[in-house]
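Structure first, commentary second.
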Amino acid sequence: MNQAKPIKASNFIEKFINEDLEQGIYQTICTRFPPEPNGFLHIGHVKAVMIDFGTARKYNGICNLRFDDTNPNAEDDEFVESIKNDIHWLGFDWGDRLYFCSDYFASLYEIAVRMIKNGVAYVDHLSKEEIRDYRGTFTVPGRDSPYRNRSVEENLMWFEKMKKGCLAEGECVLRAKIDMQSPNLNMRDPVMYRISYTPHHRTGSEWCIYPMYDFSHPLSDALEGVSHSLCSKEYEDHRPLYNWFVEQSGLEHKPRQIEFARIHVSNALTSKRKIKKLTELGLVEDWTDPRLVTVAGLRRRGYTPEALLNFIEAAGVAKADSVVDIEMLEHFIREDLKEKSPCVMAVLRPLKVTITNYPEGEIEYLEADNNPKNPVMGRRKVPFSRTVYIDRADFKMDPPKKYKRLAPGLEVRLKHAYFIKCNEVIRDAQGEITELLCTYDQQTKSGSGFKGRKPNGTIHWVDTGTSQHIEVRVFNNLFKPGQEDSSNLETAVSPDSRVILPNARIECNFLDINVNDRYQFIRDGFYVIEKDSEQPDKTIFNRIVSLKSTWKKK
RNA sequence: UGGGGCUUAGCCAAGUUGGUUAAGGCACCGGACUUUGACUCCGGCACUCAUAGGUUCAAAUCCUAUAGCCCCAGCCA
């Protein structure tokens, strides 16, 4: 396909791609998303997915999903399934281009043999410790291994033995012969193959030698015809090596590696290692815990793919180290859900209110918009009677100035219903407020157009007779402020990171309740429905994110 | 310490073939509106681009030096 007019670049990667296209280095764009199946995807991977799949999509090219499964000690099928599922959920598809590096083991082996024959690879019998020692340091150049100049025949023989399983783990490795004096440590004869008898999740015991990343990755890219290998910054040092292996392999196709900075989110962990640690310590349920920024956790929490994608796009692609404020993530889920999710009334901490001048036994049905911003979501009937619940947070004995809720002697509007005025407060023996006695004003009915006076605010409520009991889980930041980088995760995790409110009540007359449906609790925030796996009949509302502000002082 | 990167507001981030008042978003602060203290709307928010010099009529953009931060010494990826 001829790219006569370059697509407008929205970041530096696309600028490079445009240049390559203009110079005719590549005709079509092919990228790849190369996760190692050793954990669940998290928000950081969403960025990579978006860059890899998104760039391909933008250039009308293709993106391969390739699992970098070259280390049998870490990988598992459980993770390849979750990764595939998460990518689909995010809205991307690899079509029939699902690859595994392990599918290339035979080709890679042949290339290694060819490199031995060309004199650029050798079998080294130095121990792990000796190799480290011979590698030198940042300032001290490395020394050649005594095995570095073995004959091709000898190397071939030993490599054959490695492959056939005649040798023990750690006995020797295959190394690239480059330059032990290089200022770039990656070029000091990197290991290409090591021996491991751990069964591989896909190839079982077929192989006992496994290629290292630096060798397998560039060649997998070349084998697949990848034009642009987009990866994170820590691989910048590896680029010369990447190019060297492509060159030495004799493969025709020459992919180009371009690096970008990973995304970090404040007050969240975007490290697979640390997330894994949290699960192991039992500080979170598992990889799908809603407090985590794993894709599965965010999904359970109620985040939508759109919100995640918009967030990543807004955060941008650059090369500077950065930490994006988690408020930005929250902004995008609010924005996405604002017009999508129905507004319903719920009280998290119920407080009984009796409307003393409302006829006993009478029930009337009030009209309520399901979403005032989005009329196509329709309306619903809300039952109203003499006794209702409001939220304890909406009543104060001694209201501060500018308080816009209920207090003794003050009048507020019950959303969708009437003005009520608080006349009396009832307490129990412990002095705890148990009930409010109020009167309502019939002429202030919602929709009546009453303009006679202004209420002191609008609060939400549910009917005592018809509201439904629910369990609400409120998720706060997993970490105490500023502690997210703590090496001691046990003390960094906030005990308030998950609060369970067992007595909450919600209107029960709205639509059908389905798992994964999202609702706005008026004033309180956005919630998603989850079923308790142990008590499938129990309805749990997980808070996705709260509304912007509550009562601000001053 | 050798090598590789990075540095524009509280947080991200455009802008880098040098040329009028340095995009946009998040956060924040005013004000309007309001049957959600939400939403929406209007306004504010970098005389300055890590620092110091230099070149130029003109520099965030070019040159020089300095500082700070990140990555690399796995038979992990």
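Numbers restart at 1 for each chain; the letters A, B, ... are given by sequence-line order, proteins then strands. Computation of the quantities below employed the complete heavy-atom set of this structure, encompassing side-chain atoms and omitting hydrogens, waters and symmetry-equivalent molecules.
- As judged by a 4.0 angstrom heavy-atom cut-off over every strand, Asp237(A) is placed among the base-contacting residues.
- Heavy atoms from other residues, nucleotides or ligands lying under 6.0 Å from CD of Glu313(A) number 12 at most.
- With its glycosidic angle within 90° of 0, rC47(B) adopts the syn conformation.
- Spacing of C1' atoms, rC11(B) relative to rC47(B), comes out at 23 Å, to the nearest Å.
- Near RNA chain B, meaning a heavy atom under 4.0 Å from it, residues 123-135 of chain A has Leu126(A), Ser127(A), Lys128(A), Ile131(A), Arg132(A), Arg135(A) in order of number.
- The distance from atom CZ of Phe138(A) to atom P of rC70(B) is 13 Å, rounded to the nearest whole Å.
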With side-chain hydrogen bond (donor to acceptor under 3.5 Å, both in side chains) as the criterion, how do His201(A) and Asp76(A) come out once you've worked through the C-alpha distance, each side chain's angles and the decisive distance to 0.1 Å? CA-CA 6 Å; His201(A) 71 108; Asp76(A) 203 287; over 6 Å; no

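- A distance-only check finds a donor-acceptor pair linking the side chain of Ser448(A) to the backbone of Lys445(A) [under 3.5 Å].
- Within the 6.0 Å centre-distance limit, the rings of Phe419(A) and Phe450(A) are counted as a close aromatic pair.
- In this structure, Tyr242(A) has its ring center no closer than 6.0 Å to that of His238(A).
- Residue-level contact check: Tyr210(A) touches neither bases nor backbone, having no heavy atom under 4.0 Å from any strand.
- Using a distance-only test at 3.5 Å, with no hydrogens or angles considered, no donor-acceptor pair links the side chain of Arg175(A) to the main chain of Arg148(A).
- Taking atom P in both rG30(B) and rU48(B), one finds a spacing of 26 Å when rounded to whole Å.
- Between His200(A) and Phe105(A), the gap from one ring centroid to the other is short of 6.0 Å.
- His416(A) contributes no side-chain N or O that, together with a main-chain N or O of Ala368(A), makes up a donor-acceptor pair within less than 3.5 Å.
- For the pair Arg518(A) and Asp336(A), the salt-bridge criterion is not met [side-chain N within less than 4.0 Å of a carboxylate O].
- Of the candidate nucleotides rU1(B), rC12(B), rG37(B), rU1(B) has the atom nearest to the side chain of Thr139(A).
- In this entry rA52(B) has rU64(B) as its Watson-Crick or G-U wobble partner, both defining distances falling under 3.5 Å.
- Among the heavy atoms of the strands lying under 4.0 Å from Val317(A) are primed sugar atoms or P, OP1, OP2 only; no base atom is included.
- The gap from the P atom of rG44(B) to that of rG24(B) amounts to 11 Å, rounded to the nearest Å.
- Asn374(A) has its CG atom 16 Å from the C1' atom of rA38(B), to the nearest Å.
- Of the residues in residues 169-187 of chain A, Gly170(A), Val173(A), Pro183(A), Leu185(A) come within less than 4.0 Å of RNA chain B through at least one heavy atom, sorted by number.
- No salt bridge links Lys272(A) with Glu36(A); every basic N to acidic carboxylate O contact stays at or beyond 4.0 Å.
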Between Arg150(A) and Asp124(A), is a salt bridge (charged side-chain N to carboxylate O under 4.0 Å, His left out) present by the stated rule, with each step listed? CA-CA 9 Å; Arg150(A) 297 219 264 217; Asp124(A) 196 343; over 6 Å; no

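- With distances taken from any side-chain atom of Asp321(A) to the nucleotides rG5(B), rC12(B), rC75(B), the minimum falls on rG5(B).
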Run the side-chain hydrogen bond (donor to acceptor under 3.5 Å, both in side chains) check on Lys340(A) and Thr304(A) step by step: do they pass? CA-CA 11 Å; Lys340(A) 278 186 186 172; Thr304(A) 58; 4.6 Å; no

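- Between rC71(B) and rC63(B), the distance separating the two C1' atoms is 28 Å to the nearest Å.
- rC26(B) is paired with rG10(B) under the Watson-Crick or G-U wobble criterion, all donor-acceptor distances under 3.5 Å.
- As rounded to whole Å, 11 Å separates atom P of rA73(B) from atom CD of Glu234(A).
- The separation between Phe12(A) atom CZ and rC6(B) atom C1' is 11 Å, rounded to whole Å.
- Pair check for rA73(B) finds none; no Watson-Crick or G-U wobble contact set falls under 3.5 Å.
- Remark: Lys15(A) is in phosphate contact with rG15(B), judged by side-chain N or O atoms under 4.0 Å from OP1 or OP2.
- Protein atom CG of Asn11(A) is 14 Å distant from nucleotide atom C1' of rC12(B), rounded to whole Å.
- Between the Glu14(A) side chain and the Ser10(A) main chain, a donor and an acceptor come within less than 3.5 Å of each other.
- In this entry rU34(B) has no Watson-Crick or G-U wobble partner, no candidate having both defining distances under 3.5 Å.
- Spacing of P atoms, rC41(B) relative to rG5(B), comes out at 44 Å, to the nearest Å.
- Contact annotation for His238(A): base contact, defined as any heavy-atom pair under 4.0 Å involving a base atom.
- Nucleotides rG53(B) and rA59(B) are separated by 14 Å at their C1' atoms, to the nearest Å.
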Between the protein and nucleotides 33-36 of chain B, which nitrogen or oxygen pairs come in under 3.5 angstrom?
{"from": "rU35(B)", "atom 1": "O2'", "to": "Lys415(A)", "atom 2": "NZ", "distance (Å)": "3.0"}
{"from": "rU35(B)", "atom 1": "O2", "to": "His416(A)", "atom 2": "N", "distance (Å)": "3.2"}
{"from": "rU35(B)", "atom 1": "N3", "to": "Ser446(A)", "atom 2": "OG", "distance (Å)": "2.5"}
{"from": "rU35(B)", "atom 1": "O4", "to": "Ser446(A)", "atom 2": "N", "distance (Å)": "3.4"}
{"from": "rU35(B)", "atom 1": "O4", "to": "Ser446(A)", "atom 2": "OG", "distance (Å)": "2.6"}
{"from": "rU35(B)", "atom 1": "O4", "to": "Gly447(A)", "atom 2": "N", "distance (Å)": "2.1"}
{"from": "rU36(B)", "atom 1": "O2", "to": "Arg523(A)", "atom 2": "N", "distance (Å)": "2.4"}

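- Atoms CZ (Phe311(A)) and C1' (rC12(B)) sit 9 Å apart, rounded to a whole Å.
- If you measure from atom NZ of Lys319(A) to atom P of rU8(B), you get 15 Å, rounded to the nearest angstrom.
- Every residue two or more places apart in sequence or in another chain that forms a salt bridge (Lys or Arg N to Asp or Glu O under 4.0 Å) with Arg349(A) is listed here: Asp391(A).
- The residue among Tyr213(A) and Gly316(A) whose nearest nucleotide of RNA chain B is located toward the 5' end is Gly316(A).
- A ring-ring contact (aromatic ring centres under 6.0 Å, His included) check over residues 168-197 of chain A, counting only residues at least two apart or in different chains, returns the pairs Phe159(A)-Tyr193(A), Tyr193(A)-Phe215(A).
- Here Tyr134(A) and Tyr147(A) keep their ring centres 6.0 angstrom or further from each other.
- Using a 4.0 Å heavy-atom criterion, one finds that Lys338(A) contacts the sugar-phosphate atoms exclusively.
- For the P atoms, the distance linking rA77(B) with rC39(B) amounts to 47 Å, nearest Å.
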Go along nucleotides 22-27 of chain B 5' to 3' and tag each nucleotide: B for a protein heavy atom under 4.0 Å from its base, S when only backbone or sugar atoms are that close, - otherwise. ---BSS

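- Applying the 4.0 Å criterion to OP1 and OP2 of rC12(B), one finds that Arg262(A) has every side-chain N and O outside that range.
- The distance from atom CG of Asp221(A) to atom C1' of rA77(B) is 13 Å, rounded to the nearest whole Å.
- Across rC70(B) and rU55(B), the matching P atoms stand 35 Å from one another, rounded to whole Å.
- The pair Glu339(A)-Lys373(A) does not meet the salt-bridge criterion, since no charged nitrogen lies less than 4.0 angstrom from a carboxylate oxygen.
- Shown here, rG74(B) is classed syn by the O4'-C1'-N9-C4 or O4'-C1'-N1-C2 angle, which is within 90° of 0.
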